Asks: 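The structure that follows is given in the form of structure tokens.
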Number of protein chains: 2
Amino acid sequence: MTIKEVSEKYDLSADTIRYYERIGLIPHVPRKENGIRDFDEAACGWVEFSKCMRSAGVQVEALIEYVDLFFKEGTEEARKDILVEQRARLQEQYEQLKATMERLDYKIAHYEEIMGKKCPNLKA
Amino acid sequence: MTIKEVSEKYDLSADTIRYYERIGLIPHVPRKENGIRDFDEAACGWVEFSKCMRSAGVQVEALIEYVDLFFKEGTEEARKDILVEQRARLQEQYEQLKATMERLDYKIAHYEEIMGKKCPNLKA
DNA sequence: TTAACACTTAGAGTGTACTCGAAGTCAAGA
DNA sequence: TCTTGACTTCGAGTACACTCTAAGTGTTAA
């Protein structure tokens with residue numbers, strides 16, 4: 001698969017994918033003889049994984065570290081630790097998000113109430 | 001209240017609070033005769049609100065717009081629209097977060113499993 | 001065979017949200 | 001009185017994560 005196809009498949013710009021490879025957020029992508037990237041299943045998997053993690057807010061730095069460890073033996077525990085730490089971060093974000101959404105709901109309900117009073121004919 | 005007290009109360013740097021006021025993310029804070037900020041209850045409320053929204057990921061731009069409208073009459077609907085849009089954004093983040101957390105859980109469980117096999121004596 | 005277009009690298013530029021530095025004012029304690 | 005330290009403004013600097021540009025190569029369709 002070309003970078004363009006991968007870019008469309010996962011809705012990530014080709015620039016971003018190249019950037020991810022350059023900084024080590026995804027491992028080196030195989031090339032054709034002419035040097036053009038030719039994504040195999042593994043490479044696609046990494047793109048998909050990085051997209052999922054990044055769109056939830058996992059830091060680039062943590063992913064680079066994880067990918068780096070992934071190709072070294074005996075690093076299972078260190079890899080797990082990274083995942084556990086990131087999971088805890090997401091949990092915090094989750095709580096914060098839930099609380100803020102509730103607060104927004106409350107405020108929205110308030111606006112709906114006062115608008116209902118001011119424009120009772122909107123419903124007529 | 002001084003900016004330092006407010007900063008400690010809400011765990012936001014004084015720099016950030018001044019920045020928020022400067023860009024209009026919180027309304028103008030009352031001053032003493034010597035020009036020093038003297039936060040009243042309303043000002044504290046705005047700080048708390050902005051902290052809550054920002055830490056959930058609500059954009060600075062949207063909050064500035066909201067605060068701006070807040071002091072103009074007849075903008076209730078526009079204000080509500082901002083809140084509704086931001087609420088939808090948070091909902092999306094929420095879904096993404098949930099999915100990624102589940103994925104991390106799965107990966108973490110996998111590491112725990114292989115580590116259990118490799119080091120069965122850890123439990124002994 | 002030549003134009004159009006996708007690809008390559010390396011490095012510079014951008015947007016968002018702070019964060020810091022400089023220069024100055026003011027109040028309280030040694 | 002002098003120093004310490006918190007405050008002020010305003011503009012510059014930083015961190016993070018892209019995003020774009022330049023210069024060049026390779027492939028395909030007219």
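Each chain gets a letter, A, B and so on, in the order its sequence line appears, and its residues count up from 1. This one's a predicted model, so the numbers in the text were calculated from it and none came from an experiment.
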Asks: Does a donor on one side chain and an acceptor on the other come within less than 3.5 Å for Gln91(A) and Arg87(A)?
Replies: yes

Asks: How about Arg79(B) and Thr75(B): does a side-chain donor come under 3.5 Å of a side-chain acceptor?
Replies: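 Yes, a side-chain donor-acceptor pair sits under 3.5 Å.
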
Asks: Measure CD/Gln59(B) against C1'/dA17(C) and give the value in whole Å, please.
Replies: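 My rounded result for the distance is 11 Å.
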
Asks: For dT8(D), does OP1 or OP2 lie under 4.0 Å from any side-chain N or O of Arg37(B)?
Replies: yes

Asks: Please report, rounded to the nearest Å, how far the C1' atom of dT8(D) is from the CG atom of Asp38(B).
Replies: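 These atoms are roughly 14 Å apart.
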
Asks: Ring of Tyr66(B), cation from Lys107(A) - is the NZ or CZ under 6.0 Å from the centre and inside 45° of the axis?
Replies: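 No, Lys107(A) does not lie over the aromatic ring of Tyr66(B).
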
Asks: Across the strands shown, which category fits Arg31(A) at heavy-atom distances under 4.0 angstrom: base, sugar-phosphate, nothing?
Replies: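 Touches sugar-phosphate only.
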
Asks: Does a nitrogen or oxygen in the side chain of Tyr20(B) sit under 4.0 Å from OP1 or OP2 of dC18(C)?
Replies: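 Yes, because at least one side-chain N or O of Tyr20(B) sits under 4.0 Å from OP1 or OP2 of dC18(C).
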
Asks: Side-chain N or O of Thr2(A) less than 4.0 angstrom from OP1 or OP2 on dA6(C)?
Replies: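 Checking dA6(C) against Thr2(A), no side-chain N or O comes under 4.0 Å of OP1 or OP2.
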
Asks: Rounded to the nearest Å, what distance is computed from the CD1 atom of residue Ile36(A) to the P atom of nucleotide dC5(C)?
Replies: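 Atom-to-atom, Ile36(A) to dC5(C), this comes out as 17 Å.
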
Asks: Atom CE in Met53(A), atom CG in Leu25(A): separation rounded to 0.5 Å?
Replies: 11.0 Å

Asks: Looking at Leu90(B), Ile82(B), Leu83(B), which hits side-chain contact (heavy atoms from CB on, under 4.5 Å) with Val58(B)?
Replies: Leu90(B)

Asks: Quickly work out the Glu33(B) CD to dT8(D) C1' distance and round it to whole Å.
Replies: 15 Å

Asks: Should the pair Phe70(B) and Trp46(B) be assigned to parallel (<30°), tilted (30 to 60°) or perpendicular (>60°) ring geometry?
Replies: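 Perpendicular.
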
Asks: What is the distance, to the nearest angstrom, from the CD atom on Glu21(A) to the C1' atom on dT19(D)?
Replies: 17 Å

Asks: How would you label the contact of Ile23(A) with the nucleic acid (heavy atoms, under 4.0 Å): base, sugar-phosphate, or nothing?
Replies: nothing

Asks: Just the rounded figure in Å: distance from C1' of dC16(D) to CZ of Arg89(A).
Replies: 14 Å

Asks: Determine whether Glu76(B) and Lys80(B) satisfy the following criterion, salt bridge (Lys or Arg N to Asp or Glu O under 4.0 Å), listing intermediate values before the conclusion.
Replies: CA-CA 6 Å; Glu76(B) 288 76 10; Lys80(B) 197 200 80 177; over 6 Å; no

Asks: Would you indicate what Asp15(A) reaches in the nucleic acid, counting non-hydrogen atoms under 4.0 angstrom: base, sugar-phosphate, or nothing?
Replies: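 Base, at least one base atom sits under 4.0 Å.
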
Asks: Give a yes/no answer on whether the side chain of Asn34(A) brings an N or O atom under 4.0 Å of OP1 or OP2 in dC7(C).
Replies: no

Asks: Does OP1 or OP2 of dG21(C) have a side-chain N or O of Arg18(B) closer than 4.0 Å?
Replies: no

Asks: In terms of side-chain geometry, is the basic nitrogen of Arg89(A) or Glu61(A) positioned less than 4.0 Å from the acidic oxygen of its partner?
Replies: no

Asks: Output the residues of residues 49-56 of chain A in contact with DNA chain D, where contact means a heavy atom of the residue under 4.0 Å from an atom of the strand; sort by number or write none.
Replies: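 The answer is Arg54(A).
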
Asks: Side chain of Lys4(B) only, please: which of dA6(D), dA17(C), dT9(D) is the nearest?
Replies: dA6(D)

Asks: Please state how far atom CZ in Arg22(A) lies from atom C1' in dC20(D), giving the value in whole angstrom units.
Replies: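 Taking atom C1' of dC20(D) as the reference, CZ of Arg22(A) is at 11 Å.
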
Asks: Please tell me if Tyr19(B) has a side-chain N or O lying less than 4.0 Å from either OP1 or OP2 of dC10(D).
Replies: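 So the side chain of Tyr19(B) is outside the cut-off, no N or O lying under 4.0 Å from OP1 or OP2 of dC10(D).
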
Asks: Of the candidate nucleotides dG11(C), dG11(D), dC18(C), which contains the atom at the shortest distance from the side chain of Thr16(B)?
Replies: dC18(C)

Asks: Roughly how many Å is it from CG in Leu63(A) to P in dC18(D), rounded to a whole number?
Replies: 10 Å

Asks: With a 4.0 Å cutoff (strictly under), does any side-chain N or O of Ser13(B) reach OP1 or OP2 of dC18(C)?
Replies: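 It does not, given that no N or O in the side chain of Ser13(B) lies less than 4.0 Å from OP1 or OP2 of dC18(C).
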
